[in-house]
There are 2 protein chains.
Amino acid sequence: MPGTGQTRNTRQKEAIRAAFVEADRPLSPDELLGLAQARVGGLSLATIYRNISSLVEDRWLAEVAVPGGAMRYEVAGKAHHHHFQCRGCGTLHELEGCELRAKPKLPVGFEYASHELFVYGTCAACMK
Amino acid sequence: MPGTGQTRNTRQKEAIRAAFVEADRPLSPDELLGLAQARVGGLSLATIYRNISSLVEDRWLAEVAVPGGAMRYEVAGKAHHHHFQCRGCGTLHELEGCELRAKPKLPVGFEYASHELFVYGTCAACMK
DNA sequence: CTGCGTGCAAATGCTTTGCAAAGAC
DNA sequence: GTCTTTGCAAAGCATTTGCACGCAG
(Lines give C-alpha, C1' and ligand atoms only; values in the text may rest on other atoms or scores of the structure.)
Protein backbone atom coordinates (compact mmCIF):
# COMPACT_ATOMS: atom_id res chain seq x y z
CA MET A 1 0.00 0.00 0.00
CA PRO A 2 1.90 3.02 -1.31
CA GLY A 3 1.61 6.12 0.81
CA THR A 4 1.89 4.29 4.07
CA GLY A 5 5.31 2.67 4.13
CA GLN A 6 8.61 4.05 2.89
CA THR A 7 9.04 5.34 -0.63
CA ARG A 8 12.46 4.58 -1.98
CA ASN A 9 14.32 6.50 -4.64
CA THR A 10 15.34 3.98 -7.23
CA ARG A 11 17.20 4.63 -10.45
CA GLN A 12 14.00 3.60 -12.25
CA LYS A 13 11.79 6.13 -10.52
CA GLU A 14 14.40 8.83 -11.04
CA ALA A 15 14.52 8.06 -14.75
CA ILE A 16 10.74 8.21 -14.97
CA ARG A 17 10.50 11.57 -13.24
CA ALA A 18 13.31 12.95 -15.40
CA ALA A 19 11.55 11.78 -18.55
CA PHE A 20 8.42 13.73 -17.63
CA VAL A 21 10.34 16.87 -16.78
CA GLU A 22 12.29 16.80 -20.03
CA ALA A 23 9.43 15.83 -22.31
CA ASP A 24 7.26 18.66 -20.99
CA ARG A 25 4.14 17.05 -22.42
CA PRO A 26 1.78 14.27 -21.37
CA LEU A 27 3.26 10.82 -21.91
CA SER A 28 1.70 7.43 -22.41
CA PRO A 29 3.19 4.36 -20.68
CA ASP A 30 4.72 3.29 -23.99
CA GLU A 31 6.29 6.66 -24.71
CA LEU A 32 7.53 6.76 -21.15
CA LEU A 33 9.10 3.33 -21.48
CA GLY A 34 11.15 4.49 -24.44
CA LEU A 35 12.30 7.71 -22.79
CA ALA A 36 13.07 6.12 -19.44
CA GLN A 37 14.88 3.15 -20.96
CA ALA A 38 17.28 5.60 -22.56
CA ARG A 39 18.40 6.30 -18.99
CA VAL A 40 17.98 2.89 -17.39
CA GLY A 41 18.30 0.02 -19.84
CA GLY A 42 16.22 -3.03 -19.05
CA LEU A 43 13.56 -1.01 -17.28
CA SER A 44 10.37 -3.00 -17.60
CA LEU A 45 6.88 -1.95 -18.57
CA ALA A 46 5.54 -3.34 -15.29
CA THR A 47 7.79 -0.93 -13.44
CA ILE A 48 6.52 1.91 -15.60
CA TYR A 49 2.95 1.12 -14.65
CA ARG A 50 3.71 0.68 -10.96
CA ASN A 51 5.63 3.93 -10.73
CA ILE A 52 2.97 5.82 -12.61
CA SER A 53 0.37 4.62 -10.12
CA SER A 54 2.60 5.56 -7.24
CA LEU A 55 3.31 9.04 -8.64
CA VAL A 56 -0.38 9.62 -9.30
CA GLU A 57 -1.19 8.71 -5.70
CA ASP A 58 1.52 11.07 -4.54
CA ARG A 59 -0.10 13.74 -6.77
CA TRP A 60 3.17 14.29 -8.56
CA LEU A 61 1.46 13.12 -11.75
CA ALA A 62 -2.05 13.76 -13.06
CA GLU A 63 -3.98 11.50 -15.39
CA VAL A 64 -4.96 12.73 -18.84
CA ALA A 65 -7.59 10.52 -20.45
CA VAL A 66 -7.59 10.87 -24.23
CA PRO A 67 -10.48 9.92 -26.52
CA GLY A 68 -9.76 6.62 -28.19
CA GLY A 69 -6.21 6.39 -26.94
CA ALA A 70 -4.06 5.15 -24.12
CA MET A 71 -4.05 7.12 -20.87
CA ARG A 72 -1.41 9.85 -20.69
CA TYR A 73 0.15 11.40 -17.60
CA GLU A 74 1.51 14.87 -16.97
CA VAL A 75 3.22 16.62 -14.09
CA ALA A 76 0.47 17.68 -11.71
CA GLY A 77 -0.43 21.08 -10.33
CA LYS A 78 -1.02 23.05 -13.50
CA ALA A 79 -3.80 25.58 -14.08
CA HIS A 80 -6.94 24.75 -16.04
CA HIS A 81 -5.88 23.87 -19.55
CA HIS A 82 -6.70 21.58 -22.44
CA HIS A 83 -4.81 19.40 -24.89
CA PHE A 84 -3.89 19.10 -28.52
CA GLN A 85 -3.31 15.80 -30.24
CA CYS A 86 -1.29 15.52 -33.44
CA ARG A 87 -2.96 13.39 -36.08
CA GLY A 88 0.42 12.58 -37.52
CA CYS A 89 2.45 11.24 -34.64
CA GLY A 90 -0.23 10.95 -31.97
CA THR A 91 1.66 13.00 -29.41
CA LEU A 92 -0.30 15.09 -26.94
CA HIS A 93 0.58 18.71 -26.18
CA GLU A 94 -0.59 21.21 -23.62
CA LEU A 95 -2.65 24.18 -24.69
CA GLU A 96 -2.91 27.35 -22.66
CA GLY A 97 -6.16 29.01 -21.78
CA CYS A 98 -9.70 27.94 -22.53
CA GLU A 99 -11.75 29.04 -25.49
CA LEU A 100 -15.05 27.97 -23.99
CA ARG A 101 -17.58 30.79 -24.27
CA ALA A 102 -19.79 29.76 -21.36
CA LYS A 103 -20.99 26.76 -19.45
CA PRO A 104 -22.54 24.49 -22.05
CA LYS A 105 -26.33 24.28 -22.11
CA LEU A 106 -27.45 20.94 -20.78
CA PRO A 107 -30.78 19.14 -21.09
CA VAL A 108 -33.35 19.84 -18.38
CA GLY A 109 -32.53 18.09 -15.13
CA PHE A 110 -28.82 17.70 -15.91
CA GLU A 111 -26.14 19.26 -13.73
CA TYR A 112 -22.84 20.64 -14.98
CA ALA A 113 -19.61 19.69 -13.24
CA SER A 114 -16.68 20.15 -15.61
CA HIS A 115 -15.50 19.90 -19.18
CA GLU A 116 -12.58 18.78 -21.33
CA LEU A 117 -11.61 20.11 -24.74
CA PHE A 118 -9.44 18.25 -27.22
CA VAL A 119 -8.00 19.94 -30.28
CA TYR A 120 -6.69 17.97 -33.22
CA GLY A 121 -4.35 18.88 -36.02
CA THR A 122 -0.69 18.65 -36.98
CA CYS A 123 2.21 19.46 -34.70
CA ALA A 124 5.24 21.50 -35.76
CA ALA A 125 7.45 18.43 -36.14
CA CYS A 126 4.95 16.71 -38.45
CA MET A 127 4.39 19.86 -40.58
CA LYS A 128 7.83 19.55 -42.15
CA MET B 1 -16.00 -8.70 -46.16
CA PRO B 2 -19.00 -6.43 -45.54
CA GLY B 3 -19.70 -3.94 -48.26
CA THR B 4 -18.78 -6.26 -51.10
CA GLY B 5 -21.09 -9.25 -50.96
CA GLN B 6 -24.71 -9.41 -49.90
CA THR B 7 -25.84 -7.88 -46.62
CA ARG B 8 -28.53 -9.94 -45.00
CA ASN B 9 -31.11 -8.73 -42.56
CA THR B 10 -30.88 -10.92 -39.52
CA ARG B 11 -32.90 -10.68 -36.32
CA GLN B 12 -29.68 -9.75 -34.57
CA LYS B 13 -28.88 -6.82 -36.83
CA GLU B 14 -32.48 -5.63 -36.61
CA ALA B 15 -32.33 -5.73 -32.81
CA ILE B 16 -29.09 -3.75 -32.85
CA ARG B 17 -30.43 -1.04 -35.12
CA ALA B 18 -33.63 -0.82 -33.08
CA ALA B 19 -31.64 -0.45 -29.86
CA PHE B 20 -29.78 2.56 -31.27
CA VAL B 21 -32.95 4.21 -32.52
CA GLU B 22 -34.75 3.76 -29.21
CA ALA B 23 -31.86 4.68 -26.95
CA ASP B 24 -31.27 7.94 -28.83
CA ARG B 25 -27.82 8.28 -27.32
CA PRO B 26 -24.36 6.84 -28.02
CA LEU B 27 -24.01 3.25 -26.85
CA SER B 28 -21.03 1.14 -25.89
CA PRO B 29 -20.81 -2.48 -27.02
CA ASP B 30 -21.76 -3.59 -23.49
CA GLU B 31 -24.78 -1.31 -23.26
CA LEU B 32 -25.78 -2.41 -26.72
CA LEU B 33 -25.51 -6.07 -25.74
CA GLY B 34 -27.98 -5.55 -22.90
CA LEU B 35 -30.46 -3.59 -24.98
CA ALA B 36 -30.28 -5.89 -27.98
CA GLN B 37 -30.49 -9.06 -25.91
CA ALA B 38 -33.83 -7.81 -24.59
CA ARG B 39 -35.04 -8.35 -28.15
CA VAL B 40 -32.98 -11.36 -29.19
CA GLY B 41 -31.96 -13.54 -26.29
CA GLY B 42 -28.66 -15.34 -26.64
CA LEU B 43 -27.23 -12.65 -28.88
CA SER B 44 -23.47 -12.77 -28.40
CA LEU B 45 -20.94 -10.03 -27.83
CA ALA B 46 -19.01 -11.16 -30.90
CA THR B 47 -22.08 -10.48 -33.01
CA ILE B 48 -22.39 -7.05 -31.43
CA TYR B 49 -18.84 -6.19 -32.43
CA ARG B 50 -19.21 -7.58 -35.95
CA ASN B 51 -22.42 -5.72 -36.60
CA ILE B 52 -21.06 -2.50 -35.20
CA SER B 53 -18.11 -2.72 -37.61
CA SER B 54 -20.44 -3.45 -40.46
CA LEU B 55 -22.77 -0.56 -39.63
CA VAL B 56 -19.84 1.82 -39.27
CA GLU B 57 -18.58 0.80 -42.71
CA ASP B 58 -22.06 1.35 -44.09
CA ARG B 59 -21.98 4.78 -42.43
CA TRP B 60 -25.20 4.02 -40.56
CA LEU B 61 -23.22 4.37 -37.32
CA ALA B 62 -20.50 6.83 -36.32
CA GLU B 63 -17.79 6.22 -33.75
CA VAL B 64 -17.66 8.33 -30.62
CA ALA B 65 -14.34 7.99 -28.79
CA VAL B 66 -14.65 8.91 -25.13
CA PRO B 67 -11.77 9.89 -22.84
CA GLY B 68 -10.83 6.96 -20.66
CA GLY B 69 -13.79 4.85 -21.66
CA ALA B 70 -14.94 2.27 -24.14
CA MET B 71 -15.80 3.40 -27.65
CA ARG B 72 -19.41 4.45 -28.15
CA TYR B 73 -21.42 4.51 -31.37
CA GLU B 74 -24.26 6.74 -32.48
CA VAL B 75 -26.52 6.93 -35.51
CA ALA B 76 -24.53 8.77 -38.16
CA GLY B 77 -25.33 11.90 -40.13
CA LYS B 78 -25.89 14.41 -37.37
CA ALA B 79 -24.70 18.02 -37.33
CA HIS B 80 -21.63 19.16 -35.40
CA HIS B 81 -22.28 18.49 -31.75
CA HIS B 82 -20.57 17.38 -28.56
CA HIS B 83 -21.25 15.00 -25.70
CA PHE B 84 -22.07 14.90 -22.02
CA GLN B 85 -21.02 12.05 -19.78
CA CYS B 86 -22.77 11.35 -16.48
CA ARG B 87 -20.36 10.79 -13.61
CA GLY B 88 -22.99 8.66 -11.91
CA CYS B 89 -23.98 6.05 -14.45
CA GLY B 90 -21.40 6.68 -17.15
CA THR B 91 -23.94 7.10 -19.92
CA LEU B 92 -23.16 9.44 -22.77
CA HIS B 93 -25.67 12.00 -24.08
CA GLU B 94 -25.77 14.30 -27.04
CA LEU B 95 -25.44 18.05 -26.57
CA GLU B 96 -26.70 20.54 -29.11
CA GLY B 97 -24.63 23.40 -30.39
CA CYS B 98 -21.06 24.32 -29.65
CA GLU B 99 -19.92 26.77 -27.01
CA LEU B 100 -16.47 27.22 -28.47
CA ARG B 101 -15.64 30.93 -28.75
CA ALA B 102 -13.10 30.65 -31.54
CA LYS B 103 -10.49 28.34 -32.99
CA PRO B 104 -8.15 27.58 -30.09
CA LYS B 105 -4.75 29.27 -30.15
CA LEU B 106 -2.07 26.73 -30.97
CA PRO B 107 1.70 26.87 -30.49
CA VAL B 108 3.71 28.28 -33.38
CA GLY B 109 3.98 25.85 -36.26
CA PHE B 110 0.91 23.84 -35.28
CA GLU B 111 -2.09 23.52 -37.58
CA TYR B 112 -5.70 23.27 -36.44
CA ALA B 113 -7.97 20.59 -37.88
CA SER B 114 -10.86 19.95 -35.49
CA HIS B 115 -11.93 19.74 -31.88
CA GLU B 116 -14.02 17.68 -29.45
CA LEU B 117 -15.66 18.90 -26.27
CA PHE B 118 -16.75 16.64 -23.43
CA VAL B 119 -18.94 17.91 -20.63
CA TYR B 120 -19.24 16.06 -17.34
CA GLY B 121 -21.84 16.15 -14.61
CA THR B 122 -24.95 14.33 -13.46
CA CYS B 123 -27.80 13.23 -15.72
CA ALA B 124 -31.47 13.68 -14.85
CA ALA B 125 -31.91 10.03 -13.86
CA CYS B 126 -28.98 10.16 -11.44
CA MET B 127 -30.12 13.47 -9.88
CA LYS B 128 -33.04 11.79 -8.16
C1' DC C 1 19.77 -6.52 7.96
C1' DT C 2 14.76 -5.42 6.54
C1' DG C 3 11.45 -5.08 3.35
C1' DC C 4 10.24 -2.24 -0.68
C1' DG C 5 10.93 -2.20 -5.70
C1' DT C 6 12.14 -4.71 -9.83
C1' DG C 7 12.01 -8.06 -13.73
C1' DC C 8 9.86 -11.88 -15.43
C1' DA C 9 5.99 -14.42 -16.47
C1' DA C 10 1.35 -15.56 -15.73
C1' DA C 11 -3.26 -13.59 -15.27
C1' DT C 12 -6.78 -10.17 -16.46
C1' DG C 13 -10.31 -7.77 -19.20
C1' DC C 14 -11.89 -6.14 -23.53
C1' DT C 15 -11.95 -6.86 -28.49
C1' DT C 16 -11.08 -9.77 -32.51
C1' DT C 17 -10.87 -14.05 -35.09
C1' DG C 18 -11.46 -19.22 -36.61
C1' DC C 19 -14.69 -22.57 -37.35
C1' DA C 20 -18.76 -25.45 -37.70
C1' DA C 21 -23.64 -24.93 -37.64
C1' DA C 22 -27.87 -22.07 -38.42
C1' DG C 23 -30.28 -18.94 -41.20
C1' DA C 24 -31.35 -15.57 -45.16
C1' DC C 25 -32.72 -15.37 -49.75
C1' DG D 1 -28.86 -24.98 -52.26
C1' DT D 2 -25.50 -21.25 -51.65
C1' DC D 3 -23.21 -18.14 -49.13
C1' DT D 4 -23.57 -14.88 -45.12
C1' DT D 5 -24.04 -14.49 -40.17
C1' DT D 6 -24.07 -16.48 -35.70
C1' DG D 7 -22.39 -18.51 -31.22
C1' DC D 8 -18.78 -20.51 -28.99
C1' DA D 9 -14.21 -20.78 -27.84
C1' DA D 10 -9.57 -19.57 -28.59
C1' DA D 11 -6.39 -15.80 -29.79
C1' DG D 12 -4.67 -10.98 -29.33
C1' DC D 13 -3.28 -6.69 -26.92
C1' DA D 14 -2.63 -3.53 -23.27
C1' DT D 15 -2.52 -3.47 -18.41
C1' DT D 16 -2.18 -5.72 -13.81
C1' DT D 17 -0.58 -8.98 -10.50
C1' DG D 18 2.28 -12.89 -8.08
C1' DC D 19 6.73 -14.23 -6.89
C1' DA D 20 11.61 -14.60 -5.85
C1' DC D 21 15.61 -11.82 -6.07
C1' DG D 22 18.10 -7.31 -5.71
C1' DC D 23 18.90 -3.00 -3.86
C1' DA D 24 17.88 1.30 -0.88
C1' DG D 25 18.03 2.90 3.57
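Naming convention: chains lettered A, B, ... in sequence-line order (proteins, then strands); numbering from 1 in each chain.
- A/Ala38 is linked by a side-chain contact (heavy atoms from CB on, under 4.5 Å) to nothing, counting only residues two or more places apart in sequence or in another chain.
- Rounded to whole Å, the distance from CE on B/Met71 to P on C/dG13 is 22 Å.
- Put simply, A/Gln12 has a side-chain N or O that comes within less than 4.0 Å of OP1 or OP2 on C/dG7.
- Put simply, A/Asn51 has a side-chain N or O that comes within less than 4.0 Å of OP1 or OP2 on C/dT6.
- No close placement of the A/His93 and A/His81 rings is indicated, their centers lying 6.0 Å or farther apart.
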Expected list for residues 64-72 of chain A: side-chain donor-acceptor pairs under 3.5 angstrom, two or more places apart:
unit_1: A/Arg72; atom_1: NE; unit_2: A/Ala70; atom_2: O; d: 3.2
unit_1: A/Arg72; atom_1: NH1; unit_2: A/Gly90; atom_2: O; d: 3.4

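- The backbone N or O of A/Gly121 lies less than 3.5 Å from no partner atom in the side chain of B/Glu111, so there is not a single donor-acceptor pair.
- The listed nucleotides are D/dG7, C/dA24, C/dG5; the one nearest the side chain of B/Thr10 is C/dA24.
- As rounded to whole Å, 12 Å separates atom P of C/dT16 from atom CD1 of B/Ile48.
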Write down the protein N/O and nucleotide N/O pairs, taken from nucleotides 18-23 of chain D, whose separation is under 3.5 Å; answer none if there are no such pairs.
unit_1: D/dG18; atom_1: O6; unit_2: A/Arg50; atom_2: NH1; d: 3.2

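- Applying the side-chain contact (heavy atoms from CB on, under 4.5 Å) criterion to A/Ala46, with sequence neighbours excluded, gives A/Ser44, A/Arg50.
- Nearest-nucleotide mapping onto DNA chain D: of A/Ala70 and B/Thr47, the residue sitting toward the 5' end is B/Thr47.
- Residue A/Ile16 contributes atom CD1, which lies 13 Å from atom C1' of C/dG7 at whole-angstrom precision.
- Spacing between atom CG of B/Leu43 and atom P of C/dG23 amounts to 14 Å, rounded to whole angstrom units.
- Distance A/Asp30 CG to D/dT15 P: 7 Å, rounded to the nearest Å.
- Atom CG of A/Asn9 and atom P of C/dT6 are 10 Å apart (whole Å).
- For residues 119-128 of chain A, no residue pair satisfies the side chain to side chain donor-acceptor pair (under 3.5 Å) rule, not counting sequence neighbours.
- For B/Glu94, the salt bridge (Lys or Arg N to Asp or Glu O under 4.0 Å) partners are B/Lys78, not counting sequence neighbours.
- Straight-line distance from the NZ atom of B/Lys13 to the C1' atom of C/dA22: 17 Å, rounded to whole Å.
- We find that CG of A/Leu45 is positioned 10 Å from P of D/dA14, with the value rounded to whole Å.
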